[in-house]
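Input: a single structure, listed below in structure tokens.
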Amino acid sequence: MTDFDLVIRADRVLIDGRWRAQALGVKDGVIARIGPRHAEWSALEIVSVPSDQVLIPGVVDTHVHVNEPGRTEWEGFATATRAAAAGGVTTIIDMPLNSIPPTTTVEALALKRKVAAPQASVDVGFWGGAIPASLGTLRPLHDEGVFGFKAFLSPSGVDEFPHLTASQLREALAETAEFGGMVIVHAEDPDRLESHGGGRYYEDFLASRPDTSETSAIAMVISALRATGGRAHILHLSSAKALNAIRGARAEGLQLTVETCPHYLVLDAGHIDDGATQFKCCPPVRDASNREALWEALLDGTIDFIASDHSPATPDLKLDGDFGRAWGGISGLQVMLAAVANGARERDIPLATALSWLTARPAAFAGLVDKGTIREGARADLVVFAPDRAWTVDPARLEHRHAVTAFGGRTLAGRTLRTWVGGRQAHPHIDEEPPPGRLLRRSAAAPERATAR
Ligand SMILES: [Zn+2]
């Protein structure tokens, strides 16, 4: 008998926001014990992390579009979760679109779970969808364990997921408030979006989705919160002009949270070439001063956390060259941790601070009480990360289904070397073994195992 299944020793383990020399004893998927670096424990496997590398909790990415079933040619569970593991992401929560059917019914959720279970290299949870046809029937999906309900205020880009009007948003917030749920909102106001955004020029595309489309939609969300007492979350905030309204809503005591994405923190409009539609996303990447204001808002707590909004499509749809026609979505799942760590380094923000926006904060947001943190009793979702190791993003070498990303060609400091999910190795990928991911329900206390294989 050994003490543990796995023991990991490292000079720098991130615990409570500090770096400490420790040994972790992992048993049955859980961090069973934390002790001194040289604790004399036995285990089936003992890993000693070199001193230039750190041991961190796995990243929790609450915003990923896997697209399977129905648009698996865009991205599927096997490729998405392998990309996640390779990038240090150990938990994803899948968006209700652009799979077909979208996750707006209990049957569609059951189908997603069945498809995801045997392929999941990392843990997978699911968002439900609030579309006009599903209003009034959200409760059954909530009871089936979705983490909340996604709604659009502007056209989503796919016909099977129509957007809500302002009054329908109020209905959705009132309905979810009855059972303690939340609505996560794609906040662009369709009345402020202009139709002339097509063509090769990024400037025209950007002008067609101005800051006011976000500020106006977020004002709508805030007034709906005030009217209903519900809980809402702003997805993929791009415009820093909305930050004051968000601060005000919080000061009022409204239940409002907000995320931004690595592409808004790393890229800027001034460096996007005309025709370079791999950079197209909605809302769009804005200018460099806007980008810096988003970093400030993370630091002052106005923005709660970072999520990838990984939303691939096939290369022919994505690399169209025309900003009107090309698919709006950026593939950032595998690159997110390195991109954020690198961006933090460039701004002299401590790595531990940046990691909180990728781990503990999103885990708390989603109610994943045993994730995003290294402590006794937490899931052994762990990552060996080399903060000083520089690498250049080669899209062809990413695990995403398609070799397209807005981060291609960038040199980033910070590389994921090894990932465990529930104490089992997820990266580097082991072919012979069933993948280690499980399916998650909103109440994370007793997630069910992904055993359908
Ligand atoms: Zn999205």
Side-chain angles (χ1 to χ4, degrees), residues 59-68 70-71 74-77 80 83-84 89 91-100 102-104 112 124-131 146-164 182-188 190 193 209 213-214 217-218 221 232-239 257-265 267 277-285 294 303-313 317-318 326-336 339 358 362 365-366 400-402 404-407:
V59 171
V60 175
D61 188 350
T62 58
H63 192 154
V64 178
H65 296 262
V66 177
N67 307 329
E68 183 175 7
R71 285 194 180 87
W74 290 15
E75 184 72 281
F77 283 101
V89 177
T91 302
I92 63 171
I93 306 184
D94 174 60
M95 281 292 164
L97 71 163
N98 305 300
S99 55
I100 305 172
T103 319
T104 53
K112 274 238 191 187
V124 181
F126 300 92
W127 296 106
I131 58 175
V146 298
F147 284 76
F149 293 87
K150 179 169 195 182
F152 278 75
L153 296 177
S154 56
S156 73
V158 294
D159 295 337
E160 66 277 5
F161 203 97
H163 66 276
L164 302 184
M182 74 169 132
V183 180
I184 60 173
V185 187
H186 179 118
E188 287 183 296
L193 300 176
R209 305 186 93 95
S213 64
E214 286 187 77
I218 288 168
V221 174
H233 174 72
I234 304 296
L235 299 160
H236 48 54
L237 180 76
S238 167
S239 174
T257 49
V258 58
E259 74 188 27
T260 190
C261 307
H263 37 277
Y264 302 127
L265 296 168
L267 308 173
T277 47
Q278 67 269 34
F279 293 99
K280 178 180 174 183
C281 57
C282 301
V285 172
L294 295 177
I303 297 177
D304 294 272
F305 63 90
I306 301 168
S308 73
D309 193 9
H310 179 72
S311 185
L317 288 173
K318 186 62 196 155
W327 175 252
I330 283 178
S331 298
L333 179 55
Q334 189 174 336
V335 183
M336 169 164 69
L358 296 166
F365 159 73
H400 308 156
R401 177 165 295 250
H402 298 292
V404 179
T405 174
F407 299 97

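Predicted model only: the values in this text are computed from it and were never measured. All ligand and atom numbering here is 1-based and tracks the order in the structure.
The N, O or S atom of Asp309 lying closest to the Zn ion (ligand 1) is OD1. The minimum distance between the Zn ion (ligand 1) and any N, O or S atom of His65 involves atom NE2.
Aromatic rings of Phe152 and His163 (six-membered ring for Trp) have centroids beyond the 6.0 Å cut-off, not under it.
With respect to His236, the side chain to side chain donor-acceptor pair (under 3.5 Å) criterion is satisfied by exactly one of His63, Glu259, His186: His186.
Glu68 and Arg401 are not joined by a salt bridge, as no carboxylate oxygen comes within less than 4.0 angstrom of a charged side-chain nitrogen.
Using a distance-only test at 3.5 Å, with no hydrogens or angles considered, no donor-acceptor pair links the side chain of Asp94 to the main chain of Phe126.
Residue His186 does not count as close to the Zn ion (ligand 1), with no N, O or S atom under 2.8 Å.
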